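Structure first, then comments.
Only a predicted model underlies this, so the values are computations on that prediction, with no experimental measurement involved. Just follow the structure's listing: the first ligand is 1, and inside any ligand the first atom is 1. Heavy-atom basis, side chains included; hydrogens, waters and symmetry copies ignored. Here, residue 1 is the first one in the sequence, and each next residue gets the next number.
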Amino acid sequence: MTNSTPKTMGQQFGRRSWAEPWKIKMVEPLNMSTPEQREKAMVEAGFNTFLLRSDDVYIDLLTDSGTGAMSDRQWAGMMMGDEAYAGSRNFYNLENALQTYYGYKHILPTHQGRGAEHLISQAVIKKGQYVPGNMYFTTTRLHQELAGGIFVDVIIDEAHDPVDLHPFKGNIDLVKLENLIQSKGAENIAYVSLAGTVNMAGGQPVSMENLKALRAMTDKYGIKLFLDATRMVENSLFIQEREQGYADKSIAEILKEFCGYTDGAWMSAKKDNLVNIGGWLAVNDWALFEELRNLVVVYEGLHTYGGLAGRDMEAMAIGIAESVKDEHVRSRVGQVRYLGELLTDWGIPIVQPVGGHAIFLNARAFYPHLKQIEFPAQTLAAELYLDSGIRSMERGIASAGRDAKTGDHYYPKLELTRLTIPRRVYTQAHMDVVAESVKAVYDARESTSGLKMVYEPKYLRFFQARFERL
Ligand code: PLI
């Protein structure tokens, strides 16, 4: 080779890129639209991205929930559905996968995560009891409140600061928790509600060290510890990368160790487990399981299908095994990070460090001239759609809802717009397009005005609320 031979980028810089550990076998065309079409669609949707028709959306980053692509193996599994009312073979395959990878003893399928949240809340919470947790999630807190519980946020303070670089912003503040236990009495704590990762904090992880200390504290006071395992596979990657002693452990090993410190878990399988619908509830205690099994037949379906078709359970069983592979988790979180790095390089305010499933734009810093009651994050989601047809989601004052007692809005510290990346769906080129659109909206930020809410539903208002431009 002579000096004049052109070199590739890789040869010149020794660069080694990562790539998705799959190739594309089937494609779904995307819909393009004009600015006029988007303006019309946004007004019709009441400036709420949940009310848009998906046909009017170009790149859909509303959620990573049920929006992932299944593998050819999962689709093949769908064809092996055993649609027996009772004792479907697919249930046993699912049970086996959950016992193998999550390690819990007793399993119930549910139609999705909130079905499982409903059952555990009804079974375990007594009216007036407290439910401490590492920041709220919308459906989780609502089910805890509907069961008579009082949710108390005991996450570390760093989680509420979008620029704090703490590596485990999902951790529980054990001092806050112990103060709560001592002031209310251990018998008035229903259980500790631990999520890994923490969605509303930006997809931030919990460390194994924090969990072990939490387990010791809950044991000391005789309190149960239940896990929202929805994105626990992604949490396991952060432990592998950031926590001493875990670099040589596989995601599967870390996941199982983590779950082993908890008394049970609920799951929205529509995320980590790589299916379009489904959930589960798992506990180790037989007496509690019997109670939950009684409830599941009332609200979901028989205990061997819980509202799912046999084929759904089969796809989930296969998805669970795929989801814990290290190369899958690395590329999934790697794509989220790639988008985060583009935005960070352009000085766009996002929650740092970048979490597992989404980029959270810091709408307060984006629109410092808007008051929180002018819905900055909702405004940003609307502007992004108007710019390019990209759909995102508000995670701020609209999502936080109202205090059931006083009727006042909750004013959360975090006012965020979420760009949620579906699993195995979009390419790096889509991420470039998204970053450029966010930049265009950022450049026009000073001339942007806010929104007012003109229709407000009673529960989970962010789904159906309507807004108008101020
Ligand atoms: O949407 P479900 O009912 O399958 O699951 C509810 C649920 C529970 N826990 C957590 C951490 C979630 O993120 C969650 C649902 N999340 C949605 C829909 C999301 O867009 O983030």
Side-chain angles (χ1 to χ4, degrees), residues 48-50 52 54 57 60-68 108-121 131 133-146 151 153 155 159 169-170 193-206 226-235 262 264-282 299-300 306-308 312-313 315-316 319 332 336 351 355-360 377 381 391-396 398-400 414 416-423 425 459-464:
N48 184 346
T49 51
F50 278 101
L52 287 167
S54 99
V57 172
D60 202 346
L61 306 185
L62 184 71
T63 177
D64 63 332
S65 181
T67 53
L108 290 172
T110 59
H111 78 283
Q112 59 182 79
R114 68 200 71 183
E117 287 171 344
H118 175 217
L119 301 181
I120 190 115
S121 302
V131 189
N134 53 347
M135 203 176 269
Y136 83 102
F137 182 71
T138 53
T139 57
T140 317
R141 185 179 67 189
L142 183 59
H143 278 298
Q144 289 163 349
E145 288 174 352
L146 290 173
F151 175 80
D153 184 8
I155 202 166
K169 280 168 101 174
S193 175
L194 180 75
T197 58
V198 181
N199 191 353
M200 303 298 272
Q204 304 294 334
V206 179
F226 292 117
L227 175 69
D228 180 338
T230 296
R231 297 184 183 84
M232 194 52 228
V233 170
E234 290 164 10
N235 197 114
T262 67
W266 66 88
M267 176 78 184
S268 171
K270 302 167 72 173
K271 284 82 160 176
D272 269 357
N273 290 171
L274 299 169
V275 287
N276 302 121
I277 193 70
W280 47 261
L281 182 56
Y299 294 107
E300 301 284 315
L308 296 174
D312 296 330
M313 292 189 283
M316 202 194 299
R332 188 278 183 284
V336 178
V351 172
H357 66 300
I359 297 298
F360 288 72
R391 170 152 70 171
S392 57
M393 182 200 289
E394 193 261 14
R395 292 276 83 151
S399 293
L414 297 177
L416 309 173
T417 304
R418 191 180 74 173
L419 303 167
T420 338
I421 314 301
R423 294 166 184 78
V425 171
Y459 295 123
L460 301 175
R461 64 184 185 181
F462 58 96
F463 282 130
Q464 288 143 353

*Please confirm whether the backbone N or O of Leu61 pairs with a side-chain atom of Ser392, one donor and one acceptor, at under 3.5 Å?*
no

_Does Asp60 form a salt bridge (Lys or Arg N to Asp or Glu O under 4.0 Å) with Arg391? I'd like the steps, not just the answer._
CA-CA 5 Å; Asp60 202 346; Arg391 170 152 70 171; 2.8 Å; yes

*Could you walk me through whether Arg418 and Asn199 pass the side-chain hydrogen bond (donor to acceptor under 3.5 Å, both in side chains) check?*
CA-CA 10 Å; Arg418 191 180 74 173; Asn199 191 353; 3.0 Å; yes

*Does Lys169 reach the side chain of Ile155, with side-chain heavy atoms less than 4.5 Å apart?*
no

*With sequence neighbours excluded, residues passing salt bridge (Lys or Arg N to Asp or Glu O under 4.0 Å) with Asp312*: none

*Got the residues with a heavy atom under 4.0 Å of ligand 1, by chain and number?*
Thr63, Ser65, Gln112, Gly113, Arg114, Glu117, Phe137, Thr139, Asn199, Asp228, Thr230, Arg231, Ser268, Lys270, Lys271, Met393, Arg418

*Examine distances only and state if a side-chain atom of Thr63 and a backbone atom of Thr420 form a donor-acceptor pair shorter than 3.5 Å.*
no

